[in-house]
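Worksheet: the structure to be examined is printed underneath.
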Amino acid sequence: MATSPESAFRSEGVPEKERFDCWRELVSRTRDSEVTSVHRDDFRAEMRRLELGPVTLLRTSFPPTRFQRTARRVRRSDQGVFHLTLLLDGNFALTRDTGGTETFGPGNLHTLDSSHPFDLRAFDTRGQAPAERRIEAVGVDFPAALLPLPPHRVHELLGRGFSSREGTCALLSEFLVGLDRQAALLGPVETPRLGGVVVDLVSAWLARELDAEAAVPDDTRQRALVENVRAFVARHLHDPELTPAVIAAAHHISVSYLHRLFTRQSDGETVAAFVRRRRLERAHRDLADPALRTLPVHAVATRCGLPRAAEFSRAFRTAYGLSPREHRRRALAGPGQP
């Protein structure tokens with residue numbers, strides 16, 4: 001039987017004296033460094049690891065901690081791993097072998113690799129009670145050799161902070177956060193493909209920052225473009241005018257190229273079919289949400305870009321085998337109710 005690609009650690013389930021060492025060992029599997037913390041005797045942390053083929057997704061919450069990868073440690077053991085971290089809460093102060101210190105706050109993304117020394121101090125947001133001071137981050141680790149870019153060019157970006165709210169970096173960050181949220185639902189069959197998507201998005205982002213798109217293979221750029229399209233659709237599902245022509249124009253490509261590329265990268269599913277499916281999935285989810293129980297069915301459909309009630313009802317019944325009202329009634333029924 002296939003095993004789940006996801007594993008989790010919570011300090012509450014580990015004897016107090018062993019918590020810090022257990023968490024440190026998990027971190028060091030892909031981020032080998034000397035880890036220290038003034039909170040080691042009362043270390044409260046959580047970590048979720050999701051294996052995506054050669055890519056490892058890490059979501060962790062921990063108190064102020066220091067990570068040091070020295071030159072000696074690099075010489076002793078270097079697996080050639082590329083590290084990317086999106087800081088969600090707290091602060092980082094990063095000192096590299098090139099000198100100088102960069103400080104990152106929530107919403108910043110930065111990169112490192114195991115072939116270069118670094119000293120990373122994670123510290124809390126001031127004003128919080130000591131027990132509440134946490135650093136929250138999501139990151140990915142994978143072999144640096146998977147990046148289709150010259151190592152000396154990638155080195156130019158190591159240690160720099162980037163905003164996760166702009167351009168391709170925003171798409172990458174949204175994808176990582178979404179992967180973390182869906183970790184428990186992902187199976188071993190689909191995770192390797194998602195790992196490939198992560199590498200494609202990282203490559204496309206780095207190439208854009210380096211103005212080196214031409215160095216990225218066509219298939220990598222195409223896969224990244226399709227992920228851009230999917231993310232654009234997710235942000236604009238509410239718009240009933242979201243058509244292939246609108247999507248193509250937003251990405252500066254022709255409608256025919258969009259159709260050809262999307263269908264090839266989506267196992268034959270067309271752009272229009274993808275939009276329709278995502279709208280129905282969102283309506284299906286929202287109708288089952290207790291917080292939206294007072295919102296009329298037609299209003300839920302309109303929020304999902306499906307303003308024509310009769311068409312929505314027919315499409316919903318075709319997709320799920322029952323009407324929107326019946327789905328809502330069953331989903332919101334109390335325990336034991338038919």
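None of the values given here were measured: they were computed from a predicted structure.
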Requested in this report: Could you tell me whether the side chains of Asp119 and Thr95 share a donor-acceptor contact shorter than 3.5 Å?
Outcome: no
Query - Over all atoms of both residues, closest heavy-atom pair of Asp97 and His116 - result: OD2-ND1, 4.3 Å
Query raised in the report: If you draw a 6.0 Å radius around CZ in Arg264, do more than 12 non-hydrogen atoms from other residues or ligands fall strictly inside?
Result: yes
Query raised in the report: Just how far is it from atom OG1 of Thr220 to atom CG of Asp200, taken to the nearest 0.5 Å?
Result: 4.5 Å
Report task. Would you please test Glu102 and Arg160 for salt bridge (Lys or Arg N to Asp or Glu O under 4.0 Å) and show each step? Result -> CA-CA 7 Å; Glu102 291 272 355; Arg160 288 174 50 185; over 6 Å; no
Query raised in the report: Do any N or O atoms from the side chain of Ser37 and from the backbone of Pro64 form a donor-acceptor pair under 3.5 angstrom?
Result: yes
Query raised in the report: Leu149 and Leu146: same hydrophobic cluster, using ILVMFWY side-chain contacts below 4.5 Å?
Result: yes
Query raised in the report: If every non-hydrogen atom of Ser11 is compared with every non-hydrogen atom of Arg44, which pair is closest and at what distance?
Result: OG-CA, 3.2 Å
Query raised in the report: Would one find more than 12 heavy atoms of other residues, nucleotides or ligands at under 6.0 Å from atom CZ of Arg235?
Result: yes
Query raised in the report: Looking only at heavy atoms, what is the nearest atom pair of Ser115 and Asp78, with distance?
Result: OG-OD2, 2.6 Å
Requested in this report: State whether the number of non-hydrogen atoms from other residues, nucleotides or ligands found under 6.0 Å of Gln79 atom CD is greater than 12.
Outcome: no
Query - Residue pair Leu109 / Ser173: nearest heavy atoms and the distance that separates them - result: CD1-OG, 3.6 Å
Query - Qualifying residue for ring-ring contact (aromatic ring centres under 6.0 Å, His included) with His110, from Phe82, Phe92, Phe162, Phe118 - result: Phe92
Requested in this report: Check whether more than 12 heavy atoms from other residues, nucleotides or ligands sit under 6.0 Å from atom CZ of Arg29, and answer yes or no.
Outcome: yes
Requested in this report: Compute both the distance and the angle, then confirm whether Arg279 meets the cation-pi test with Phe316: under 6.0 Å from the six-membered ring centre, within 45 degrees of the axis.
Outcome: no
Report task. Just say parallel, tilted or perpendicular for the rings of Phe20 and Phe43, cut-offs at 30° and 60°. Result -> perpendicular
Report task. With rounding to the nearest 0.5 Å, note down the distance linking CG in Leu206 to CD in Glu156. Result -> 11.0 Å
Requested in this report: Identify which one of Asn91, Thr101, Thr103, Thr36 satisfies the side chain to side chain contact (heavy atoms under 4.5 Å, CB included) criterion when paired with Arg121.
Outcome: Thr101
Query raised in the report: With no hydrogens and no angle check, do the side chains of Thr263 and Thr270 hold a donor and an acceptor under 3.5 Å apart?
Result: no
Report task. Can you establish whether the number of heavy atoms outside Arg276 located under 6.0 Å from its atom CZ is more than 12? Result -> no
Report summary line: Paired with Glu281, the side-chain hydrogen bond (donor to acceptor under 3.5 Å, both in side chains) test is passed by just one of His284, Arg277, Arg285, namely Arg277
Report task. Decide yes or no on salt bridge (Lys or Arg N to Asp or Glu O under 4.0 Å) for Glu326 and Arg328, but give the supporting numbers first. Result -> CA-CA 5 Å; Glu326 181 66 11; Arg328 169 177 267 183; over 6 Å; no
Query - N/O donor-acceptor pair under 3.5 Å between His236 side chain and Phe232 backbone - result: yes
Report summary line: Residues Gly139 and Arg31: closest non-hydrogen pair is CA-NH2, 4.0 Å
Query raised in the report: Could you state the interatomic distance from CG (Asn228) to NE2 (His251), rounded to the nearest 0.5 Å?
Result: 5.0 Å
Requested in this report: Could you give me the CA-CA distance, side-chain angles and deciding distance for Arg134 and Asp89, then say whether salt bridge (Lys or Arg N to Asp or Glu O under 4.0 Å) is met?
Outcome: CA-CA 7 Å; Arg134 317 292 295 168; Asp89 197 13; over 6 Å; no
**Report entry** Val226-Val199 co-clustered via ILVMFWY side chain contacts under 4.5 Å
**Finding:** no
Report task. Show your reasoning for whether salt bridge (Lys or Arg N to Asp or Glu O under 4.0 Å) applies to Arg59 and Glu136. Result -> CA-CA 8 Å; Arg59 171 65 168 89; Glu136 309 276 347; 2.9 Å; yes
Requested in this report: State, to 0.1 Å, how close Leu280 and Ala319 come at their nearest heavy-atom pair, and which atoms those are.
Outcome: CD1-CB, 4.1 Å
Query raised in the report: About how many Å separate OG of Ser28 and CZ of Arg24, when rounded to the nearest 0.5 Å?
Result: 7.0 Å
Query raised in the report: Do the rings of Phe262 and Phe274 sit parallel, tilted or perpendicular, given the 30° and 60° boundaries?
Result: tilted
